[in-house]
Number of protein chains: 2
Amino acid sequence: MSVVAIPEKSLQPTRLTRARRTAIIKALADPHRFALLEQIAKAGCPLGCSQARAALPISAATLSHHIKELETAGLINVRREGKFHYLTLRPGVLTALAAGLTALDTGPCAAH
Amino acid sequence: MSVVAIPEKSLQPTRLTRARRTAIIKALADPHRFALLEQIAKAGCPLGCSQARAALPISAATLSHHIKELETAGLINVRREGKFHYLTLRPGVLTALAAGLTALDTGPCAAH
DNA sequence: GAATCAATTTGATAGTTATCGAAATGTCGA
DNA sequence: TCGACATTTCGATAACTATCAAATTGATTC
């Protein structure tokens with residue numbers, strides 16, 4: 001991918017920069033990655049990698065890759081606890097994105 | 001790309017299928033495509049291709065490609081009027097997607 | 001320390017796609 | 001009909017990325 005780092009920042013759903021928004025949408029654009037995100041969300045929360053592994057039809061290497069993508073995009077946090085890693089959603093990110101999308105969709109456009 | 005057709009359907013923000021959601025997110029994931037969508041939204045509405053052309057640093061061929069992607073994903077309508085084509089947002093689509101994203105982000109997850 | 005298990009990194013590969021120039025199609029006015 | 005203009009299609013190319021097997025790193029237990 002690319003992207004420098006995750007601005008480990010304030011939790012208020014502020015505004016997303018263009019670059020960050022693009023990174024997030026790209027991260028969401030892969031079906032396996034989206035499914036993983038759904039699993040994390042559904043899990044109450046901290047989801048172990050092994051559980052993630054069981055939920056997706058991909059190899060450990062590929063899962064690791066996707067986790068990194070989601071983390072880099074700032075969509076999840078990864079708590080590394082010894083041998084195990086736990087995944088959680090970063091709250092507010094999806095909501096911020098959603099707000100931006102909805103804003104585009106509000107306007108006096110009579111389709112067609 | 002892929003995708004069969006645009007279910008020219010009811011305008012209520014119903015539910016998106018997985019496949020459709022993926023198609024939409026993929027369409028949004030390209031910066032030029034997103035910028036085009038923003039232009040359309042900002043334009044009051046029907047945006048001529050030439051205006052789009054002027055707003056983006058890409059060739060006509062590439063613009064045509066992106067328009068088709070957005071249309072195939074069901075994000076825009078294209079009204080073809082003789083020599084000119086006019087682009088409008090399909091209302092409700094972005095909102096439906098946003099609703100799905102927000103739903104993921106609501107839950108008892110104390111990040112970290 | 002050795003064995004074991006979890007996760008990551010390292011190649012390598014196959015599939016996808018954004019991009020353009022050039023050619024084609026389609027529309028309109030002279 | 002011809003030329004000018006808008007848009008699309010074609011063909012080719014470069015960049016990106018999802019994927020895996022194999023090797024590696026790191027932590028835990030014996």
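A, B, ... follow the sequence lines: proteins, then strands. Residue 1 opens every chain. Side chains included, hydrogens not; waters and symmetry mates left out as well; all remaining heavy atoms used.
For B/Phe84 and C/dT27, the CZ to P distance is 13 Å, given to the nearest whole Å. In this structure, B/Ile67 atom CD1 and C/dT19 atom C1' are separated by 15 Å, rounded to whole Å. Spacing between atom CZ of A/Arg79 and atom C1' of C/dA6 amounts to 16 Å, rounded to whole angstrom units. Atoms CG (A/Asp30) and C1' (D/dT17) sit 9 Å apart, rounded to a whole Å. At whole-Å resolution of the value, CD1 in A/Ile25 and P in C/dT17 are 16 Å apart. The distance between atom CD of A/Glu81 and atom C1' of C/dA7, rounded to the nearest whole Å, is 15 Å. What separates CG of B/Leu70 from C1' of C/dA18 is a distance of 13 Å, to the nearest Å. As rounded to whole Å, 18 Å separates atom P of C/dT13 from atom NE2 of A/His65.
Checking A/Ser59 against B/Tyr86, the closest nucleotide of DNA chain D that is more toward the 5' end is the one next to B/Tyr86. Residue order along DNA chain D, read from the 5' end via each residue's closest nucleotide, puts B/Val78 first among A/Ala60 and B/Val78.
Between A/Arg33 and A/Glu71 there is no salt bridge, since none of the side-chain N atoms of the basic residue sits less than 4.0 Å from a carboxylate O of the acidic one.
One finds the CG atom of B/Leu63 at 6.0 Å from the SG atom of B/Cys49 (value rounded to the nearest 0.5 Å). Atom-to-atom distance recorded for B/Phe84:CZ and B/Arg79:CZ is 12.5 Å, nearest 0.5 angstrom.
As judged by a 4.0 angstrom heavy-atom cut-off over every strand, B/Arg80 is placed among residues touching the sugar-phosphate backbone only. If you check every strand for non-hydrogen atoms under 4.0 Å, A/His32 touches sugar and phosphate atoms only. Counting non-hydrogen atoms under 4.0 angstrom, A/His66 reaches the backbone sugars and phosphates but no base.
Checking the phosphate oxygens (OP1, OP2) of C/dT27, no side-chain nitrogen or oxygen of B/His85 falls inside 4.0 Å. Remark: B/Lys83 is not in phosphate contact with C/dT25, judged by side-chain N or O atoms under 4.0 Å from OP1 or OP2.
Closest approach to the A/Thr62 side chain among D/dA18, C/dA6, D/dC20 is made by D/dC20 (side chain taken as heavy atoms from C-beta onward). Closest to the B/Ser50 side chain, of the nucleotides C/dA7, D/dT7, C/dT9, is D/dT7.
Side-chain atoms of B/Asn77 do not come within 3.5 Å of backbone N or O of B/Thr88 as any donor-acceptor pair.
Closest non-hydrogen pair, A/Leu28 versus A/Phe34, comes out as O-CD1, 3.6 Å.
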